[in-house]
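The structure appears right after this line, and notes come after that.
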Number of protein chains: 2
Amino acid sequence: MNIHIDVIVIEDNELFRDSLKEAINKSSDINCKYTFSSGEAALDFIAKEELVPDIILLDIGLPGMNGIELIPELRKLSPTSKIIIITVHDDDENVFNAICAGASGYLLKDLSSEKILASIIEVMNGGAPMNSHIAKKVLNMFRDQNVKSNGYSLSEREKEILSLLVEGLSKKQIAEKIFLSHHTVDSHLRNIYAKLEVHSRSSAISKAIKEKLL
Amino acid sequence: MNIHIDVIVIEDNELFRDSLKEAINKSSDINCKYTFSSGEAALDFIAKEELVPDIILLDIGLPGMNGIELIPELRKLSPTSKIIIITVHDDDENVFNAICAGASGYLLKDLSSEKILASIIEVMNGGAPMNSHIAKKVLNMFRDQNVKSNGYSLSEREKEILSLLVEGLSKKQIAEKIFLSHHTVDSHLRNIYAKLEVHSRSSAISKAIKEKLL
DNA sequence: TGTAAAATCACGCATTTGCGTGATTGAATA
DNA sequence: TATTCAATCACGCAAATGCGTGATTTTACA
């Protein structure tokens with residue numbers, strides 16, 4: 001079979017850009033015809049030539065528009081292209097933004113050319129190659145977003161009522177729904193407010209959702 | 001220097017368990033003294049012997065308590081141990097639960113013994129080795145959790161007021177904070193409710209947070 | 001230049017909410 | 001056995017809320 005993968009490189013450092021291109025073109029299956037030293041140049045060319053690369057190797061630290069900002073623009077012009085970030089920036093914010101913008105891989109610049117080629121293949125096969133420290137960051141961010149707090153020791157009844165609050169029901173509606181007097185619901189609400197240390201329905205709802213209390 | 005990494009294996013398949021142990025013990029730096037065929041056996045032994053392994057290789061499909069349920073228990077007994085999942089289960093739910101429970105790596109069983117050893121080293125160095133398809137799943141789940149909806153075409157002013165709502169302020173407080181008449185705030189609120197298609201403050205707040213409107 | 005949308009302000013009213021201040025019952029726990 | 005705590009119910013009141021029904025002024029844009 002004759003696989004053919006088209007790659008473009010967007011990287012402002014001339015040396016690294018050329019060495020990436022060279023490394024890629026050593027492979028028979030993977031081909032790099034175009035490289036760009038800025039996001040603007042790449043966007044112009046892609047728009048004009050209606051270029052649809054399989055893979056875009058993208059640096060973050062670019063002159064003018066940075067790599068992260070570039071991702072949505074690239075995806076507009078060529079939605080099927082997979083984007084692999086290759087950068088020195090491994091801080092949470094950049095990683096977070098790149099992933100949310102839709103990058104398919106996140107590699108650091110210390111990588112050998114063999115591993116970069118392997119990563120391109122992985123992405124083409126539906127994978128998401130990542131530097132293992134980046135992966136750790138992603139895992140930690142992911143976990144932190146999904147920890148269920150439990151520190152307020154709400155009773156089951158209170159959790160039940162809190163979740164109805166979050167659904168937008170009034171005291172009266174809650175009372176009807178779970179067959180209680182509205183006085184009882186009121187009483188539960190006060191206890192909930194006390195435990196959550198809030199003084200309004202709004203704050204309780206915010207806290208419940210943001211801190212994943214249910 | 002003389003690194004020494006203690007590994008235990010929890011895996012019910014005898015063949016795979018033994019082959020893992022053997023592969024690990026071929027390395028001079030990494031050592032596997034104990035293996036277990038069930039979570040319960042591992043927990044008992046760890047508790048009794050006060051074992052503190054550096055790495056726990058953990059299967060998901062175990063008899064009795066499954067690997068995911070095991071993670072919190074293992075972390076209680078030996079909080080410093082890093083857990084690497086090695087399994088055939090690559091569905092979203094298992095991946096999600098494993099990560100949230102605090103796994104440091106997620107590998108599939110088709111991996112060569114060299115790569116497993118390399119993964120152990122990576123975890124010891126603070127990384128999180130992951131099968132690239134698993135990584136893709138994590139990336140997708142992560143991205144999906146962080147997409148900002150924008151489909152309600154709220155104006156800037158409305159977003160501002162909505163965010164103050166979420167903070168728990170009353171109309172009067174909002175009015176004072178942004179130097180408006182409370183009538184004006186009321187008016188904005190009604191427009192927000194209309195755009196979000198809700199009829200209460202509670203529902204608006206829930207929708208704003210859950211759908212990441214701010 | 002005209003028009004539509006956004007932002008501002010206003011009154012009245014029925015309903016809802018938060019809170020102070022109680023009480024009773026039953027289950028769990030020390 | 002005593003005591004604590006969750007769950008239930010009750011009254012009253014000041015404040016806040018949602019909504020109907022207006023109006024005027026900016027701002028954007030076609």
Side-chain angles (χ1 to χ4, degrees), chain A residues 72-73 76 148-214, chain B residues 72-73 76 148-214:
Chain A
E73 305 302 320
K76 266 182 225 162
K148 292 210 175 180
S149 166
N150 206 29
Y152 299 100
S153 57
L154 295 172
S155 72
E156 283 310 307
R157 199 52 152 173
E158 286 164 348
K159 282 184 197 168
E160 183 185 14
I161 287 173
L162 183 53
S163 71
L164 293 173
L165 254 206
V166 168
E167 285 175 29
L169 303 194
S170 71
K171 280 184 207 176
K172 201 176 286 181
Q173 289 173 319
I174 294 174
E176 284 165 9
K177 185 148 194 169
I178 57 179
F179 310 107
L180 288 178
S181 150
H182 71 274
H183 296 297
T184 308
V185 175
D186 180 79
S187 191
H188 283 303
L189 280 184
R190 296 186 210 197
N191 293 332
I192 292 171
Y193 292 171
K195 287 185 179 177
L196 299 191
E197 296 170 45
V198 298
H199 304 281
S200 73
R201 176 167 295 225
S202 300
S203 305
I205 291 173
S206 288
K207 207 155 188 171
I209 303 177
K210 285 181 179 169
E211 304 190 16
K212 304 198 190 298
L213 303 183
L214 309 174
Chain B
E73 305 304 319
K76 267 181 222 160
K148 294 207 174 180
S149 164
N150 205 29
Y152 299 100
S153 57
L154 294 173
S155 72
E156 282 311 305
R157 198 53 150 174
E158 286 164 350
K159 282 185 197 168
E160 183 185 15
I161 287 173
L162 182 54
S163 72
L164 294 172
L165 256 206
V166 168
E167 284 174 32
L169 304 193
S170 70
K171 280 184 206 174
K172 200 178 286 181
Q173 289 172 317
I174 293 174
E176 284 163 8
K177 185 147 194 168
I178 57 180
F179 308 109
L180 289 177
S181 151
H182 66 95
H183 295 297
T184 308
V185 175
D186 179 78
S187 190
H188 283 303
L189 280 184
R190 295 187 210 198
N191 293 331
I192 292 171
Y193 292 171
K195 287 184 181 178
L196 299 190
E197 296 171 50
V198 298
H199 304 280
S200 74
R201 177 168 295 227
S202 301
S203 304
I205 292 173
S206 288
K207 207 154 190 171
I209 303 176
K210 284 181 179 170
E211 304 190 16
K212 306 202 188 293
L213 302 183
L214 309 174

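First the proteins, then the strands, lettered A, B, ... as listed; each starts at 1. Treat the numbers as computed from the prediction; the structure is a model and nothing was measured.
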In whole Å, I'd like the distance from the [atom1] atom of [X] to the [atom2] atom of [N].
{"X": "B:His183", "N": "D:dT17", "atom1": "NE2", "atom2": "C1'", "value": "14 Å"}
{"X": "A:Glu156", "N": "D:dT8", "atom1": "CD", "atom2": "C1'", "value": "17 Å"}
{"X": "B:Tyr152", "N": "C:dA5", "atom1": "OH", "atom2": "P", "value": "21 Å"}
{"X": "B:Leu162", "N": "C:dA6", "atom1": "CG", "atom2": "C1'", "value": "17 Å"}
{"X": "B:Ile174", "N": "D:dA16", "atom1": "CD1", "atom2": "P", "value": "12 Å"}
{"X": "B:His182", "N": "D:dC19", "atom1": "NE2", "atom2": "C1'", "value": "15 Å"}
{"X": "A:Asn191", "N": "D:dC9", "atom1": "CG", "atom2": "P", "value": "14 Å"}
{"X": "B:Gln173", "N": "D:dT17", "atom1": "CD", "atom2": "C1'", "value": "14 Å"}

Would you check if the side chain of [X] reaches a backbone N or O of [Y] as a donor-acceptor pair within less than 3.5 Å?
{"X": "B:Lys172", "Y": "B:His182", "result": "no"}
{"X": "B:Ser202", "Y": "A:Val166", "result": "no"}
{"X": "A:Lys148", "Y": "A:Leu213", "result": "no"}
{"X": "A:Lys171", "Y": "A:Val185", "result": "no"}
{"X": "A:Lys207", "Y": "A:Val198", "result": "no"}
{"X": "B:Gln173", "Y": "B:Ser170", "result": "yes"}

Quiz item: If the sugar-phosphate is the primed atoms plus P, OP1 and OP2 and the base is the rest, what is the B/S/- string for nucleotides 15-30 of chain C, using protein heavy atoms under 4.0 Å?
Solution: -SSBBBB---------
Self-check item: Annotated protein contacts, base or backbone, on nucleotides 25-30 of chain D with a non-hydrogen cut-off under 4.0 Å, one of B, S, - each
Solution: ------
Please state whether the phosphate of [N], meaning OP1 or OP2, lies under 4.0 angstrom from any side-chain nitrogen or oxygen of [X].
{"X": "B:Ser155", "N": "C:dA5", "answer": "no"}
{"X": "A:Thr184", "N": "D:dA10", "answer": "no"}
{"X": "A:His188", "N": "D:dA6", "answer": "no"}

Quiz item: Once you round to the nearest 0.5 Å, how far does CD of A:Glu167 lie from CG of A:Leu162?
Solution: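 It is 10.5 Å, given to the nearest 0.5 Å.
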Quiz item: Nearest 0.5 Å, what's the CG-CD distance between A:Leu165 and A:Glu158?
Solution: 11.5 Å
Practice problem: Evaluate the side-chain proximity of B:Asp186 to B:Arg190: yes if any heavy-atom separation is below 4.5 Å, no if none is. | Solution: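 The answer is yes, as the side chains (C-beta and beyond) meet within the 4.5 Å cut-off.
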Practice problem: State, to the nearest 10°, the angle formed by the axis through the first five base pairs of the helix from C:dT1-D:dA30 to C:dA30-D:dT1 and the axis through its last five. | Solution: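 The angle, to the nearest 10 degrees, is 60°.
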Self-check item: B:Ser203 side chain to B:Ser200 side chain, donor-acceptor N/O pair below 3.5 angstrom
Solution: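 Looking only at side-chain atoms, B:Ser200 and B:Ser203 do form a donor-acceptor pair, the distance falling under 3.5 Å.
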Practice problem: Return yes if a side-chain donor-acceptor contact under 3.5 Å exists between A:Glu211 and A:Tyr152, otherwise no. | Solution: yes
